[in-house]
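Have a look at the structure below before the remarks.
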Amino acid sequence: MSHPVDDDCIFCKIVAGKIPCFKLLEDEHTIAFMDINPVNPGHALAVTKGHWPTADVIPTEALAATAATAQRVAKAIVRELKPDGFNLVQNNGPGAGQSVPHLHIHVLPRHKGDGATLNWTYKPGNKDEIAALCERLKKAL
Ligand code: 5GP
Ligand code: ZN
């Protein structure tokens with residue numbers, strides 16, 4: 001499976017290593033890294049390597065690979081951070097709150113009463129805290 005690229009896309013740039021990320025893992029078809037605007041500590045993204053915007057246009061096997069990566073990250077989050085729960089959230093199109101048109105699945109640790117909503121507003125996280133959580137989760141993968 002070849003991976004289409006959009007040179008203007010922020011996630012394509014991360015996939016290509018042109019801009020940095022707090023990387024959790026990488027395999028043939030996917031990459032997972034920490035969200036820099038975490039809704040809760042440990043908020044991570046499972047991202048397809050190819051530039052396919054949404055779930056209706058991505059090849060089925062690329063979507064399946066991204067789901068498998070999201071599950072792997074979720075297992076690490078459950079083991080290491082012990083949240084009350086987690087959401088897998090995947091937005092398609094601006095009307096659904098998608099801001100980066102390159103398919104990704106949010107792995108969002110949840111805590112009772114945390115007040116998180118489906119379409120949240122971005123708040124930059126503390127880089128040291130994100131890096132420390134990245135290291136913890138990498139060891140838990
Ligand atoms: P969407 O709104 O498209 O479902 O989610 C996009 C996510 O990507 C947002 O949660 C946002 O914080 C995250 N994001 C946007 N730009 C960057 C970036 O440069 N690096 C990282 N790690 N995350 C990003
Ligand atoms: Zn892209």
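Computed from heavy atoms alone, side chains included, the values below leave out hydrogens, waters and symmetry copies. Order of listing sets the numbers, starting from 1, for every ligand and every atom in it.
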Quick one: look up the protein heavy atom nearest [atom] and list residue, atom name and how far away it is.
atom: atom 19 (O) of ligand 1; result: I10 CG1, 3.6 Å
atom: atom 11 (C) of ligand 1; result: D35 OD1, 3.4 Å
atom: atom 3 (O) of ligand 1; result: S99 N, 2.8 Å

* **same_hphob_cluster(I19, V100) at 4.5 Å side-chain heavy-atom cutoff** => yes
* Is it true that L25 and I77 fall in one hydrophobic cluster, defined by side-chain heavy atoms closer than 4.5 Å? -> yes
* Which N/O/S atom belongs to H102 and is the closest one to the Zn ion (ligand 2)? -> ND1
* Looking at H51, which of its N, O or S atoms is the nearest one to the Zn ion (ligand 2)? -> ND1
Residue [X] vicinity, atoms of ligand 1 by number, heavy atom under 4.0 Å:
X: F33; result: 21 (C), 22 (N)
X: N91; result: 4 (O)
X: N37; result: 11 (C), 12 (O)

Is the shortest N/O to N/O distance between [X] and ligand 1 below 3.5 Å?
X: M34; answer: yes
X: V100; answer: yes
X: H43; answer: no
X: G97; answer: yes
X: H104; answer: yes

Judged by atom type as modelled, is there a donor-acceptor pair below 3.5 Å linking the side chain of [X] to the main-chain atoms of [Y]?
X: N92; Y: T54; answer: no
X: Q90; Y: A67; answer: no
X: K49; Y: A62; answer: no

Touching ligand 1 at all, [X]? Heavy atoms, strictly under 4.0 Å?
X: L45; result: yes
X: I14; result: yes
X: F11; result: yes
X: H106; result: yes
X: C21; result: no

* Structure fact -> Taking every heavy atom of C134 against every heavy atom of K23, the minimum-distance pair comes out as SG-O, 3.3 Å
* What are the two closest non-hydrogen atoms of N91 and G97, and how far apart are they? -> ND2-O, 3.7 Å
* **E61, CD atom: more than 12 neighbouring heavy atoms under 6.0 Å** => yes
* **Heavy atoms of other groups near K138 NZ, more than 12 under 6.0 Å** => yes
* Salt bridge present between E80 and K139 (N-O < 4.0 angstrom) -> no
* Return the option from L108, N92, I36 holding the heavy atom at the smallest distance from atom 18 (C) of ligand 1. => I36
* Of the side chain and backbone of Y122, name the one, both, or neither that has a heavy atom under 4.0 Å from an atom of ligand 1. => side chain
* Asked: Taking the six-membered ring for Trp, are the ring centroids of H106 and H104 within less than 6.0 Å of each other?
  -> yes
* Answer yes if the side chains of D114 and N40 hold a donor-acceptor pair under 3.5 Å, and no otherwise. => yes
